[in-house]
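Taking it in order: structure first as structure tokens, then the write-up.
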2 protein chains.
Amino acid sequence: MLATALEGARSASFPHSEAPRRIDAYLAEAEFDRPTLVVDLDTVAANFRALSAGLEGVHLHYAVKANPEPEVIARLVREGARFDAASRGEIGLCLREGARPEHISFGNTVKKPGDIAFAHAQGIDLFAADADEELVKVASNAPGARVMIRLLVEETEADWPLSRKFGTAPDEALRLMGVAASLGLVPAGISFHVGSQTRRAAMWAPALDMAASVWHAGLAAGWPLEVLNLGGGFPAFYGDEVQGAEDYGRELLGMVRARFGGVPYLMAEPGRGMVASAGVISAEVLLVSKKRSDDIARWVYLDIGKFSGLAETMEEAIRYQFETTADGGPMGPCILAGPSCDSADVLYEKRPMQLPMALQAGDRVRILSCGAYTSSYSSVGFNGFPPLAVVCI
Amino acid sequence: MLATALEGARSASFPHSEAPRRIDAYLAEAEFDRPTLVVDLDTVAANFRALSAGLEGVHLHYAVKANPEPEVIARLVREGARFDAASRGEIGLCLREGARPEHISFGNTVKKPGDIAFAHAQGIDLFAADADEELVKVASNAPGARVMIRLLVEETEADWPLSRKFGTAPDEALRLMGVAASLGLVPAGISFHVGSQTRRAAMWAPALDMAASVWHAGLAAGWPLEVLNLGGGFPAFYGDEVQGAEDYGRELLGMVRARFGGVPYLMAEPGRGMVASAGVISAEVLLVSKKRSDDIARWVYLDIGKFSGLAETMEEAIRYQFETTADGGPMGPCILAGPSCDSADVLYEKRPMQLPMALQAGDRVRILSCGAYTSSYSSVGFNGFPPLAVVCI
């Protein structure tokens with residue numbers, strides 16, 4: 001009976017998919033033999049336009065790390081976006097796809113000296129730093145460059161607060177502006193990051209208050225501050241309500257104006273908010289089983305896992321939404337896991353997922369809002385599985 | 001003063017390195033512009049021989065996922081090792097490097113149907129399964145094959161116990177032997193995994209007791225059990241004492257014989273224990289800083305992190321040992337982080353590392369016992385950083 005059930009292929013139908021319309025149409029015809037991320041470039045462009053409409057006059061530097069597919073970069077260049085790069089590799093990518101060097105910021109506060117020199121030689125002139133040693137490296141390898149001092153945000157309401165890894169305390173920031181100037185650099189501004197997936201603009205208030213106090217103290221000290229970098233944190237929809245992009249941008253901009261007044265170069269670095277909703281992963285159920293006959297939750301194993309694209313399920317941080325070809329009947333709890341032999345490759349266990357009771361091996365699965373932080377996190381080939389395939393449409 | 005300190009390159013000397021002698025000599029001459037794993041194939045061979053000496057008569061199927069470098073596989077083929085593969089990709093790799101198909105087991109309990117068919121066509125005849133659906137897939141794609149039913153180990157003293165992801169309860173295992181037979185498969189044995197990094201052989205007792213009860217019940221039920229697969233769990237040295245490989249193997253073998261008697265095909269799947277000690281990562285300090293002037297712990301940023309090879313620092317599970325060119329003076333606590341813009345890319349924070357107080361940007365670092373689960377976990381290019389480079393010597 002089992003054999004019969006598995007041999008009769010179920011039709012791969014998703015009648016009420018929430019995927020972007022173009023992806024839905026594409027997937028209806030496509031056949032993949034491995035997990036594949038499909039990115040809708042029109043949705044990327046629409047997200048850019050919505051954010052730009054709300055954040056009027058703010059220069060949007062797309063955080064390339066969110067999705068470094070060349071076609072995504074090329075489309076954003078055509079839309080008029082600017083870019084924030086984390087490494088020499090990302091800078092090279094942006095330049096190859098047509099971005100102008102003066103539109104690229106090098107926002108990583110932990111840079112290799114050779115990468116700074118490379119950026120400088122390409123004409124990039126805006127670097128982030130949060131420590132003495134980093135300023136020394138920038139001064140040695142990009143003499144005279146403009147630097148943004150990155151501030152540590154310790155109070156946040158983000159879904160996924162950042163660690164203390166980046167940024168420095170307000171007092172230190174003011175001291176570092178002086179260090180920058182003494183090294184021949186231009187202390188041109190400040191940057192910070194409010195935390196990933198900050199779902200409503202109002203949640204920015206504590207970080208903006210802190211940044212404004214540093215900004216005004218810096219101006220009072222005579223530093224030529226002109227760049228206010230709001231960083232990222234613009235949310236994507238993962239099931240919990242988020243404020244619409246245009247409305248979000250407009251409210252945020254009002255909060256910024258109220259605290260900072262006029263700013264010569266106001267910039268932001270949206271990543272997730274620009275590309276997450278533009279991507280859907282097409283995957284497959286490999287196995288459904290129970291460990292004991294009386295277990296409540298089933299184990300569902302997919303052909304994609306933590307090491308092949310879904311790294312943001314670490315500590316169950318990002319909770320993706322799933323559609324399956326078995327949708328429509330009763331639902332029940334599942335522990336969801338990836339295909340590798342690594343026992344850490346479990347996606348959701350503490351909070352099991354609700355999936356159709358009828359789900360079985362061979363069923364197709366769509367994972368929504370997967371355009372950000374998936375393909376580039378994929379391992380080179382853990383367990384011999386290839387990296388996540390990507391198709392841009 | 002800072003500038004001067006950083007510009008004067010410190011000599012990259014590791015006078016008292018604990019790295020394997022051949023790697024120490026190699027690194028003394030090598031220059032890398034990116035993090036690089038150096039693997040000493042002689043140490044891999046020595047580890048294989050030591051384990052083989054202790055586990056006399058046990059077929060060692062190297063767990064390819066631990067380090068799938070072609071040169072590692074080729075050397076182990078020459079040494080007489082057998083292999084356990086997790087996917088079609090790993091099977092292809094082993095065959096290309098000269099392994100015979102009858103010496104390869106397909107031990108992943110979550111297999112793609114096409115991968116099973118590929119393995120079967122190549123002549124592989126030993127598969128693991130822990131669920132009805134998996135047996136159906138094996139029966140459809142590798143008719144008549146031998147299967148090992150994988151048992152769930154819930155009681156373990158391993159440093160890194162496995163999740164409940166793999167294996168089934170003892171009662172279910174006996175039922176699945178019947179299901180296998182009814183599908184035309186041969187219920188040929190059992191497998192289990194005692195947990196990663198099981199530091200002393202004596203720690204195997206509870207798992208062996210459980211497995212022996214299933215084994216004897218299976219024989220009593222008339223199933224033609226011949227394969228006892230002890231899985232992995234053989235430890236590497238990460239600073240805490242571990243029992244020597246030969247001694248470990250001999251003690252374990254005695255425990256197995258006492259519980260199982262004679263077994264036609266006794267096998268084990270060492271991965272970490274075979275390659276970890278054979279690899280050293282050569283890396284560099286990118287930045288040392290404090291968030292506030294009165295913080296106790298410094299932040300130390302390396303050019304390698306969680307997404308470029310050190311994935312096993314997740315939840316601070318594996319605690320690597322570090323050597324630096326600043327060794328020799330007073331030590332102090334550090335929070336250790338990787339180079340990416342991802343705030344989750346922090347290696348050790350809950351239990352800070354002790355590193356030299358004199359450590360600064362540009363200092364070289366060696367990370368010991370990195371031969372297992374590093375290169376293959378590396379991301380394809382998160383933040384634009386290339387995957388971990390590997391050199392076999």
Side-chain angles (χ1 to χ4, degrees), chain A residues 2-3 6-7 33 65 68 85-90 93 107-108 110 112 114 130-134 136-137 139-140 152 162-166 168-169 172 183 286-289 291-293 301 303 307 314 337 339-341 343-344 346 360-361 376-387, chain B residues 2-3 6-7 33 65 68 85-90 93 107-108 110 112 114 130-134 136-137 139-140 152 162-166 168-169 172 183 286-289 291-293 301 303 307 314 337 339-341 343-344 346 360-361 376-387:
Chain A
L2 262 169
L6 285 176
E7 278 164 10
D33 63 354
K65 59 182 180 288
S87 65
R88 175 181 183 144
E90 288 191 353
L93 167 66
N108 193 342
V110 186
K112 290 182 96 103
D130 66 2
D132 296 84
E133 273 193 357
E134 192 69 18
V136 171
K137 285 190 286 176
S140 302
L152 176 61
L162 304 190
S163 68
R164 298 180 80 236
K165 181 174 177 185
F166 302 110
T168 192
E172 283 290 296
L183 290 166
L286 292 184
L287 179 65
V288 179
S289 69
K291 301 295 168 183
R292 298 176 185 278
S293 53
Y301 302 83
D303 63 352
F307 302 108
M314 266 193 309
S340 76
C341 282
S343 74
V346 175
Q360 65 181 21
S376 58
Y377 271 113
S378 177
S379 78
V380 289
F382 186 58
N383 271 218
F385 295 114
Chain B
L2 262 168
L6 285 175
E7 277 163 13
D33 64 354
K65 59 183 180 288
S87 66
R88 175 181 183 145
E90 288 189 355
L93 166 66
N108 192 341
V110 185
K112 290 181 97 101
D130 65 3
D132 295 85
E133 275 193 356
E134 192 69 18
V136 170
K137 284 190 286 176
S140 302
L152 176 61
L162 304 190
S163 67
R164 299 181 80 235
K165 181 175 177 185
F166 302 110
T168 193
E172 283 291 295
L183 290 167
L286 292 185
L287 178 65
V288 179
S289 69
K291 301 294 168 183
R292 299 175 183 279
S293 53
Y301 302 83
D303 63 352
F307 302 108
M314 267 193 309
S340 75
C341 282
S343 73
V346 175
Q360 65 180 21
S376 59
Y377 271 113
S378 176
S379 78
V380 289
F382 187 58
N383 270 221
F385 295 114

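Note on naming: letters A, B, ... go to the chains in the order of the sequence lines (proteins, then strands), and numbering restarts at 1 for each one.
Taking every heavy atom of both residues into account, B:Lys165 and A:Ala337 meet most closely at CE-CB, 3.9 Å. Contact between B:Asn108 and A:Pro339 at its shortest, heavy atoms only, is ND2-O, 2.9 Å. When every heavy atom of A:Glu133 is checked against every heavy atom of B:Val288, the shortest pair comes out as OE1-N, 2.9 Å. Between A:Glu134 and B:Leu286, the shortest heavy-atom distance links the atoms OE1-O, 4.3 Å. Summarising the geometry of A:Ala131 relative to B:Leu287, their closest heavy-atom pair is CB-CD1, 3.9 Å, with the distance given to 0.1 Å. The nearest pair of heavy atoms linking B:Ala344 to A:Met314 is CB-CE, 4.1 Å.
Rounded to the nearest 0.5 Å, atoms OH (A:Tyr377) and OG (B:Ser379) are 9.0 Å apart. How far CZ of A:Phe385 is from CD of B:Glu90: 8.0 Å, rounded to the nearest 0.5 Å.
Top candidate by heavy-atom pairs under 4.5 Å with chain A, chosen from B:Thr168, B:Asp303, B:Val380, is B:Val380. Ranked by non-hydrogen atom pairs under 4.5 Å with chain A, the options B:Ser293, B:Gly89, B:Pro68, B:Ala85 are led by B:Ser293. Highest contact tally toward chain A, considering only B:Pro387, B:Ala86, B:Cys341, is held by B:Cys341 [criterion: heavy-atom pairs under 4.5 Å].
In this structure, chain A has a heavy atom under 4.5 Å from the side chain of B:Phe307, while its backbone stays farther away.
Looking at residues two or more places apart in sequence or on another chain, you find a side-chain contact (heavy atoms from CB on, under 4.5 Å) between B:Ala139 and B:Leu183, B:Leu185. Under the side-chain contact (heavy atoms from CB on, under 4.5 Å) criterion, B:Arg164 pairs with A:Lys291, A:Arg292, A:Asp295, A:Trp299, B:Leu152, B:Glu154, sequence neighbours left out.
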